[in-house]
J.: 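Once you've had a glance at the structure underneath, I'll fire off some questions.
Chain naming here is simple, since letters A, B, ... match the order of the sequence lines and numbering starts at 1 in each. Because only heavy atoms are used, hydrogens play no part in the values below, and waters and symmetry mates are left out as well, while side chains stay in.
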2 protein chains.
Amino acid sequence: MLIVVDPHSGVPVYRQIMDQVKFHVASGLLNAGDELPSTRALSSELGINPMTISKAYSYLEREGVVERRPGRPLVVKAFETNQIHDNRINQLRESLAATVTIAKQLGIRNDEAIAVFRELLENEANPQAPDNEGKEQS
Amino acid sequence: MLIVVDPHSGVPVYRQIMDQVKFHVASGLLNAGDELPSTRALSSELGINPMTISKAYSYLEREGVVERRPGRPLVVKAFETNQIHDNRINQLRESLAATVTIAKQLGIRNDEAIAVFRELLENEANPQAPDNEGKEQS
DNA sequence: GTTAGTGTATTACTTGACATATACACTAAT
DNA sequence: ATTAGTGTATATGTCAAGTAATACACTAAC
């Protein structure tokens with residue numbers, strides 16, 4: 001269980017923790033029944049308040065990733081093998097949701113947005129990623 | 001120039017105004033040289049503070065959509081037809097880049113990722129603010 | 001100069017998200 | 001009951017975003 005947080009990243013600490021736990025579960029590093037670090041242990045390790053850990057854990061419990069047992073450490077919840085994949089899809093969905101909002105606000109058509117996404121996905125194989133070619137202004 | 005705002009949509013009013021002006025410019029309803037409604041006129045029409053309009057106008061000016069003339073109404077700036085649209089696509093590309101990385105890390109196939117994206121785009125009727133996904137619900 | 005139109009700089013208020021401190025509740029072992 | 005481990009409810013503090021009130025600056029026409 002390796003967890004690292006950056007308080008200056010702009011991403012809330014509790015969310016960084018959530019994301020890393022979910023990622024570890026999705027990737028198989030954490031399995032059903034595994035215990036999560038105690039709030040106080042993780043708290044002193046990361047130098048942040050136990051309540052912040054608790055908040056992350058609570059949201060994870062609400063999302064069904066971990067199981068709550070009063071007075072006992074939280075454990076990763078059991079799930080069907082297929083749910084691992086579903087879990088991954090859900091993470092992707094979460095990440096895409098923000099982009100959808102942006103596309104919507106910008107008035108970009110669905111097929112255009114999808115074309116851009118496809119292009120990026122297929123270009124990811126190439127380590128050369130020329131992203132800015134003089135498009136900037138302001 | 002039809003502008004409508006909903007203060008309860010979760011999207012900041014100044015941004016709603018920006019989006020609609022940009023959309024009207026992109027769609028050709030507004031052309032180079034056209035004057036925008038005065039801040040006070042739009043203000044009383046929408047029932048919001050003139051400064052909120054001004055803020056929207058200022059950002060539009062910074063983005064190169066309109067032109068500022070002290071003491072005179074703002075006018076739509078002359079621009080290449082596709083300039084603004086290209087700009088939007090670039091914003092979208094930026095937002096999607098992070099998601100592509102996640103998809104690759106999770107080992108999700110391109111067609112799966114695209115399917116999820118398409119589904120979310122077509123579901124855009126979802127009126128909820130996109131930045132909290134497990135927040136208050138008391 | 002005066003008037004009436006324009007935009008906006010400055011300041012302050014409101015609100016919500018985030019992180020924290022404190023105190024409490026639960027469990028297991030003694 | 002006590003102790004030591006666990007998680008967390010509640011209240012408070014901090015900060016940034018969004019909005020608003022006020023006062024100012026500019027232009028054009030008289």
Side-chain angles (χ1 to χ4, degrees), chain A residues 1 3 5-19 21 33-63 65-77 98 101-102 105, chain B residues 1 3 5-21 33-63 65-77 128-138:
Chain A
M1 258 308 277
I3 291 193
V5 295
D6 173 13
H8 306 296
S9 70
V11 181
V13 172
Y14 81 91
R15 178 165 292 281
Q16 295 182 45
I17 295 171
M18 287 179 66
D19 290 342
V21 169
D34 287 352
E35 291 186 356
L36 274 70
S38 81
T39 54
R40 283 175 182 77
L42 197 52
S43 151
S44 68
E45 183 183 325
L46 300 180
I48 57 184
N49 193 282
M51 277 309 299
T52 301
I53 316 285
S54 177
K55 187 175 182 180
Y57 283 3
S58 295
Y59 286 140
L60 286 172
E61 197 261 344
R62 186 185 307 175
E63 292 185 9
V65 178
V66 301
E67 207 157 11
R68 193 178 231 158
R69 300 178 306 173
R72 303 285 305 142
L74 256 61
V75 298
V76 176
K77 204 169 171 182
T101 301
I102 290 176
Q105 286 183 342
Chain B
M1 260 306 279
I3 291 193
V5 295
D6 173 13
H8 306 295
S9 69
V11 181
V13 171
Y14 80 90
R15 178 161 289 281
Q16 295 181 46
I17 295 171
M18 288 178 65
D19 290 341
Q20 289 180 55
V21 169
D34 287 352
E35 292 185 356
L36 274 70
S38 81
T39 54
R40 283 177 181 75
L42 198 51
S43 152
S44 67
E45 183 183 326
L46 300 180
I48 57 184
N49 194 281
M51 277 309 299
T52 302
I53 316 285
S54 179
K55 187 175 183 179
Y57 283 3
S58 295
Y59 286 138
L60 286 171
E61 197 261 344
R62 186 184 309 173
E63 292 186 9
V65 179
V66 302
E67 204 158 13
R68 192 178 231 158
R69 299 179 306 172
R72 303 285 305 142
L74 256 60
V75 297
V76 176
K77 199 172 173 181
Q128 286 305 337
D131 39 356
N132 343 341
E133 70 229 35
K135 266 334 159 28
E136 72 272 283
Q137 59 194 27
S138 44

J.: Could you tell me how far apart B:N49 (CG) and D:dA23 (P) are, to the nearest whole angstrom?
T.: 14 Å

J.: Looking at CD of B:E61 and OG of B:S54, how far apart are the two atoms once the value is rounded to the nearest 0.5 Å?
T.: 10.5 Å

J.: Keeping A:T52 on the side-chain end and A:Y14 on the backbone end, is there a donor-acceptor pair under 3.5 Å?
T.: no

J.: How many Å lie between CZ on A:R15 and P on C:dG16, as a whole number?
T.: 18 Å

J.: Could you check whether any side-chain N or O of A:R15 sits under 3.5 Å from a backbone N or O of A:D19, counting only pairs where one atom can act as donor and the other as acceptor?
T.: no

J.: Quick one: label B:I48 by what it contacts on the DNA or RNA (base, sugar-phosphate, nothing), any heavy atom closer than 4.0 Å.
T.: sugar-phosphate

J.: Supply the atom-to-atom distance A:L60 CG to A:I17 CD1, rounded to the nearest 0.5 angstrom.
T.: 9.0 Å

J.: How many whole angstroms separate atom CG of B:L46 from atom C1' of D:dA20?
T.: 15 Å

J.: To the closest 0.5 Å, what do you measure between OH (A:Y57) and CG (A:L36)?
T.: 4.5 Å

J.: What is the distance, to the nearest angstrom, from the CD atom on B:E67 to the C1' atom on C:dT6?
T.: 16 Å

J.: What's the CD1-P distance between B:I53 and D:dA21, to the nearest Å?
T.: 13 Å

J.: Encode nucleotides 7-17 of chain D as B, S and - characters from 5' to 3', where the letter depends on protein heavy atoms closer than 4.0 Å: B to the base, S only to sugar-phosphate, - to neither.
T.: BBBB-------

J.: Roughly how many Å is it from CG in B:L60 to C1' in C:dT8, rounded to a whole number?
T.: 15 Å

J.: Between atom CG in A:L42 and atom P in C:dA19, what is the gap in whole Å?
T.: 13 Å

J.: Quickly work out the B:H8 NE2 to C:dT14 C1' distance and round it to whole Å.
T.: 15 Å

J.: A:Q16: which residues meet the side-chain hydrogen bond (donor to acceptor under 3.5 Å, both in side chains) condition with it, sequence neighbours left out?
T.: A:S9

